[in-house]
Amino acid sequence: MYRLLIVDDEYHIREGLKLMVAESGLSVEVSDVAEDGATALRLYTEQRPDMILLDINLPDMSGLDVAKTIREKDQRTPLLFLTGYESMTYIRQAVSLQAVDYLLKPVTSGDFEAALSRAEDRIAQWRRSEEDAIHRHRSLEPLYREHLLLDLLQQRRPAAEVIREMDGLGFFGETSEPPYTVLCCELEEASQQEATATSKPHGSMHKSSHVFAGLAGEAAAAAGAKAHSAAVSRDRRVVLLATASCRAAERMAQQIRQAVQERLSQGLSIGISRPVQRMEQLPEAYEEAVQAAEHRGWVGYSQIIPYESIQAAELNSNQLLEKELLMITEIRAGNDAAVHAILQEWSGQLAGLPVKQVKMIVTQLVLFVMRIVQSDASVGQTSMQEQDPLLELSRLRHGPEMIDYVSRYFVRVGRHVRESREKVIPRKFQRAKEWIREHLQEDGGLNRLAEYMNMSPKYLSARFKQVTGESFADYQTRVRFERARELLLDPNRKVAEVAEVVGFTDTNYFSIAFKKYTGLTPTEFRKTFL
């Protein structure tokens, strides 16, 4: 039976509708009634009826407003509207809310039954679609299991929804219990391996996709646990362990690493999360495992890295690295005073950290700054005459001298950026560049800038390239993607938001254009630099 919620402020109408439902002979029953919008929303949340009949004129709010609130959470539940007014405005709003029908009072039993039948058909269509999707997934069950695991760990869908599907699939079986642990496994490139010099990267990469899941399952079974794995990317695999203690998880990680080295001739670094007791906590555990694995560049490749071993360092590093984007912005702008002020505070915090951690942090920031120098056209024409700062850093052994060298390097870069731009760009065209950076979201391009500069578009185009060395279009494109790279380094910003800020209305087109310009998709860029 389909459950119907009736919402109307008139008692006699509610009772009449209940009687029509009972006499209709349809597979519909009235689950509850409400006389106002607030009660309707509460009953909807508590009971999740299969269909809802809404009077538009309610004492506390419009039935259309109730429907809008429901549609924010639920696009499927059939909605029927009932009103005494034949208003085109109401009808258009009802259509926009995907209403099944719009009934006028007094409604006849025939019209009401026909509307309920259409609601039944709508539900049946949705359910057939769901069943077809499930059937397609189950026909490719191994891939379906991988997708479910990644949906949960990467929060691609609500956790409760994914866990229900896992339970329906018998994901772990009846014997599996917490704790749950996540392993993030990074297959190493040949150049990064110390003990696998004879590796065969081309053949083994293809082979690893088919073999890795079996190796993880064998290691887990040997320890009396359950394991499910999924391929996150070309070189990253994730393993979810159930019924595995901390020691058992480390033993399984060692066995997986050894098996991969022997059977795939590849090195493997594995980050291990802390164990969690509930599956809803697995996204956090996944983040911990990823953070641990990404420390392999410091602790060494082909290592087992528990999250606890890096946790203390992460707490200090995160506070320091929050200043990265601000400092990079000021360096790019050639703002000497701001760079100096940020460096003073940043250097003071660095001074309290172990030497290894200082080197890791300053090296990361130097890489960002070097990219500024390499990508800035005006700086590239008169590049800084000094040795590779990364080479200089590699020769330093003490924290204070690293901090001092890096601080002086950043100040020099900021000053050089500013002086280089001042030499090659007249003030008027400096204003043009600033205008472009400030209007990335707007249409109009060259014509809008010409109006701002009081020049003809043709003259502006020719003069812009003569003065700056770049055409207007090339400069605008470069600034768009420089700004996009900066914004993508903020993990709290969504890719769609970044696309909009830099003037792309279509997120997919932005991703294609970003990859064409940088060689990486926005997601790949984040994985590389965050």
Side-chain angles (χ1 to χ4, degrees), residues 2-24 26-130 158 441-443 494 496-497 499-500 505-507:
Y2 297 118
R3 296 169 299 115
L4 170 67
L5 171 62
I6 295 176
V7 184
D8 196 292
D9 61 339
E10 297 185 47
Y11 172 79
H12 295 294
I13 291 180
R14 294 197 301 271
E15 292 301 307
L17 292 171
K18 288 168 63 176
L19 181 61
M20 286 185 190
V21 171
E23 294 177 346
S24 68
L26 299 172
S27 298
V28 179
E29 62 181 4
V30 177
S31 62
D32 218 325
V33 295
E35 61 183 14
D36 56 51
T39 304
L41 290 172
R42 177 178 59 79
L43 291 174
Y44 164 78
T45 302
E46 293 173 355
Q47 300 178 6
R48 286 299 175 112
D50 297 306
M51 57 183 74
I52 304 172
L53 176 66
L54 285 159
D55 184 10
I56 289 181
N57 295 299
L58 297 172
D60 56 345
M61 66 178 76
S62 166
L64 292 166
D65 290 334
V66 174
K68 288 175 185 175
T69 302
I70 291 172
R71 280 290 179 251
E72 289 174 359
K73 306 173 183 177
D74 173 5
Q75 294 295 316
R76 297 190 175 187
T77 300
L79 303 176
L80 301 94
F81 289 101
L82 183 64
T83 181
Y85 303 96
E86 188 172 5
S87 164
M88 285 306 299
T89 300
Y90 286 169
I91 292 173
R92 281 195 294 269
Q93 291 184 58
V95 170
S96 72
L97 293 166
Q98 303 171 42
V100 171
D101 214 330
Y102 185 93
L103 303 170
L104 292 176
K105 296 179 181 178
V107 63
T108 66
S109 59
D111 289 342
F112 186 44
E113 289 176 16
L116 292 178
S117 293
R118 282 190 284 274
E120 284 183 319
D121 291 342
R122 179 76 60 85
I123 295 171
Q125 289 174 4
W126 277 114
R127 291 183 178 177
R128 282 195 299 272
S129 297
E130 288 180 341
Q441 289 180 293
E442 298 181 14
D443 295 326
K494 296 181 179 179
E497 180 185 353
E500 183 178 357
T505 57
D506 186 307
T507 305

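Below, each value reflects all heavy atoms present in this structure, side chains not excepted, and no hydrogens, waters or symmetry copies. Residue numbers run from 1 in the order of the sequence given.
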About how many Å separate [atom2] of [Y] and [atom1] of [X], when rounded to the nearest 0.5 Å?
| X | Y | atom1 | atom2 | result |
| --- | --- | --- | --- | --- |
| Arg42 | Asp36 | CZ | CG | 9.0 Å |
| Phe81 | Leu97 | CZ | CG | 5.0 Å |
| Leu41 | Leu5 | CG | CG | 9.5 Å |
| Leu17 | Leu4 | CG | CG | 8.5 Å |
| Lys494 | Glu500 | NZ | CD | 12.0 Å |
| Glu15 | Glu10 | CD | CD | 12.5 Å |

For residues [X] and [Y], report the shortest heavy-atom separation together with the two atoms involved.
| X | Y | value |
| --- | --- | --- |
| Glu120 | Ser27 | OE2-N, 3.3 Å |
| Val100 | Ala115 | CG1-O, 3.9 Å |
| Leu54 | Ala67 | CD1-CB, 4.0 Å |
| Gln75 | Trp126 | O-CZ2, 4.2 Å |
| Leu116 | Met51 | CD2-SD, 3.9 Å |

Other residues, nucleotides, ligands: >12 heavy atoms within 6.0 Å of Tyr90 OH: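 No - once you tally the heavy atoms of other residues, nucleotides and ligands closer than 6.0 Å, there are 12 at most.
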
Chi angles and distances behind the side chain to side chain contact (heavy atoms under 4.5 Å, CB included) call for Gln93, Lys68: CA-CA 10 Å; Gln93 291 184 58; Lys68 288 175 185 175; 3.7 Å; yes

Where the side chain of [X] meets the backbone of [Y], is there a donor-acceptor pair that is under 3.5 Å apart?
| X | Y | result |
| --- | --- | --- |
| Asp55 | Leu58 | no |
| Thr83 | Leu104 | no |
| Asp60 | Ala38 | yes |
| Asp50 | Arg3 | yes |

Steps toward side chain to side chain contact (heavy atoms under 4.5 Å, CB included) verdict (Tyr44, Asp74): CA-CA 11 Å; Tyr44 164 78; Asp74 173 5; 2.9 Å; yes

Do [X] and [Y] come close enough that some side-chain heavy atom pair is under 4.5 Å?
| X | Y | answer |
| --- | --- | --- |
| Val7 | Val66 | no |
| Pro78 | Ile123 | yes |
| Leu79 | Arg71 | yes |

Positive for side-chain contact (heavy atoms from CB on, under 4.5 Å) with Leu82, one of Ile6, Ile56, Asp8, Asn57: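 Among the candidates, only Asp8 passes.
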
Side chain to side chain contact (heavy atoms under 4.5 Å, CB included) between Leu80 and Arg118, worked out: CA-CA 10 Å; Leu80 301 94; Arg118 282 190 284 274; over 6 Å; no

Side chain to side chain contact (heavy atoms under 4.5 Å, CB included) between Glu23 and Glu113, intermediate numbers included: CA-CA 10 Å; Glu23 294 177 346; Glu113 289 176 16; 5.7 Å; no

